[in-house]
Amino acid sequence: MAVIEPALDGAGLRNPKVREYVRYWAELTGAERIEVVGASDDARLIQESVEAGEIVPAGEGVYYSRSYHMDTARTEERTIVATHSTADAGVYNNWRPSSEMHELLEERMRGASAGKTMYVVPYLMAPPGSPLEEYGAGVELTDHRTVVLHMIRMARVGVEFVENLADPNSFVRAVHVTGDLENLGQGTAEDQRYFVTVADERTILHFGSAYGGNALLGKIAHGLRQAAYDGWASGKFLAEQFMLIGITDKETGRKYHICGGFPSASGKTNLAMMLPPDALGERYQVSFYGDDIAWLWVDPEDGRLYGMNPEYGVFGVAKDTNETTNPTALQSVDAGTGALFTNVAYNEITHEVWWEGRTPAPPADVTGWRDWKGNLISVRPEGSDEPWSHPNSRFTTTLANVPNIAADFEDPRGVPIDGIIFGGRTPDREPLIRAITDLAEGVYDGLTLGAEATFAAEGVEGLLRYDPMSMRPFMSYPEGAYAAHWLKIIGQVRETPIFAHVNWFQRDHEDGHYLWPGYRDNLRPLLWLMQLMNGEVTGRQTPVGILPTKEELNLDGVEITPGDLDKILSIDAERWRREMAHREQHLTQFDGLPNEIWAAHRRIAAALEPGAD
Ligand code: SPV
Ligand code: MN
């Protein structure tokens, strides 16, 4: 039995509700020790983890760990949103009654931390002083030290974040118990894992993993599922899986902010950390706010939409991160950053790390290299094409390490949002950019977002699926109500931000090459969008939105053939008509979808009919 009170006293944790919560779960899980942590404990925890062999050095002040080989990604089938009301069941939230889930999770967690330390991790998902601060406080209890190291990088961590709450009970209870990873039957009929958000009790109970969003509960369980539910229940805000960037025009002095949703692992981190292309670098500066979560609200004073990133770090996909795709990410994990790598390949002699796409070919000299499972590369059979790193291997680093982090990223007021974009990996049909000025059509576009399946979740690669607003895995309440809540929140603004759908991934249907160079050049269509918003260009109206003309898009220094350019700036009405039939089926699943959304769908479908004009 852990000695609880002295540990809490010693850490200055006085909030009686937090103490009661810690006591309850310490007893239930049977943890041997309690330790309250804050960000200032990082160096000591790193040292303890190195001594215990849980992490190893990967250069100076940078570390590496492997997760259990059956525990490498989110598991959507095992992720559940529970509440007391059947009315909260949606298509994607895997709704179950709270009573059932409480019992099940308590049964799994009972005694499951015996012999281990339970770390008490008070955190805040918001810049301190934010108007949404009251929704950001939480206390994660975890029995895994590497998870603590990740939490310290990904969230603001310390007792101070729960000591002065207006209501001492208003923190998210986030319990993480790892379980016996080797005996959980992952992926079988006897799977023991459960990742549950009891949304109307603001309680998160995750059992059976120590990886990513399954275990760092501030991130997607609180930052997305719980916060989306809170935003809806309070009627005050939206919590979305969105990146957030700033674009400064140094010539005019204007600064724009764009946020947007892209399904997991479809280049959102690369976009968020983007630098301007060389030809535009003199004039424009792109600053980074966040790559995965944005909370959005309307300021009643000025009637503008504001956004902020509630996170404090980046948990980025390593695969394909290199000097071309994301140079800023590489700098943010350099020596001295305290970055953590997970499940990439590791050289036990030189302490280097490598992942697929880091360089065109893997290191030629395989001496010392081990793959993400810990197996020596040198003993692989000749011609083996097994990847060295796991496709969902990650780097974890704090926001402040990102070289182009926005100067005001901690401003509690957030930043005014000018544009909301959606995009995925779509090999055909979707042009480079199409702007949408109507609110219902913008929300409709988000709801019909589709992409190829991702490595970030267990599933079939290469399969196209709808991922509304990129929130499918994080949806916590019914989709009809979700759409209505979007219309309500954005409907309050005095000036609707401009929406757009973007696609960097259109391919040639014959040889498969990408039609658009992507990466840093993606700034160009975003600049066009801001010009359109300002009335500086007019674009070309199509049934699915406004497209740039060739002349309007700044293409200084871009290598693209006229044929490819035509293709990405046009729409194939016949192909779109087929898509509209799929969309109809997709939207029909959602009960109570607002009439405005159906009207937008019908308007676009009618405009696509031959002869319509
Ligand atoms: C995602 O999969 O979208 C992530 C990583 O951001 S995880 O936190 O594991 O969900
Ligand atoms: Mn994500």
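Each ligand, and each atom within it, is numbered from 1 in the order the structure gives. Quick note: residue numbers are just sequence positions, from 1.
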Distance-only polar pair, side chains of Arg173 and Tyr21, donor-acceptor under 3.5 Å:
no
Would you say ligand 1 has an N or O under 3.5 Å from any N or O of Arg74?
yes
Before signing off on this row, confirm whether Gly213 and ligand 1 have an N or O atom pair separated by under 3.5 Å.
yes
If you count the atoms of ligand 1 from 1 in the order shown, which ones are under 4.0 Å from a heavy atom of Gln241?
1 (C), 3 (O)
Would you mind telling me if ligand 1 is within reach of the side chain of Tyr211, the backbone, both or neither, using heavy atoms under 4.0 Å?
neither
Please say which of Phe315, Phe395, Trp355, Tyr64 ends up in a ring pair (Phe, Tyr, Trp, His ring centres under 6.0 Å) with Phe341.
Trp355
What verdict does the salt bridge (Lys or Arg N to Asp or Glu O under 4.0 Å) test give for Glu76 and Arg465, after you've listed the backbone C-alpha separation in whole Å, the side-chain angles of each residue and the deciding distance to 0.1 Å?
CA-CA 14 Å; Glu76 291 176 14; Arg465 66 169 193 172; 3.3 Å; yes
N, O or S atom of Ser470 closer to the Mn ion (ligand 2) than 2.8 Å
no
Centre of Tyr346's six-membered ring, under 6.0 Å away, within 45 degrees of the axis: is that where NZ or CZ of Arg370 sits?
no
For the Mn ion (ligand 2), which N, O or S atom of Asp292 is at the shortest distance?
OD1
Tell me, please, whether Tyr312 has Arg156 positioned over its six-membered ring: NZ or CZ under 6.0 Å from the ring centre and within 45 degrees of its axis?
no
Check whether NZ of the Lys or CZ of the Arg Arg78 lies under 6.0 Å from the centre of the six-membered ring of Tyr194 and within 45 degrees of that ring's axis.
yes
If the cut-off is 4.0 Å to any non-hydrogen atom of Phe315, which atoms of ligand 1 fall inside it?
5 (C), 8 (O), 9 (O)
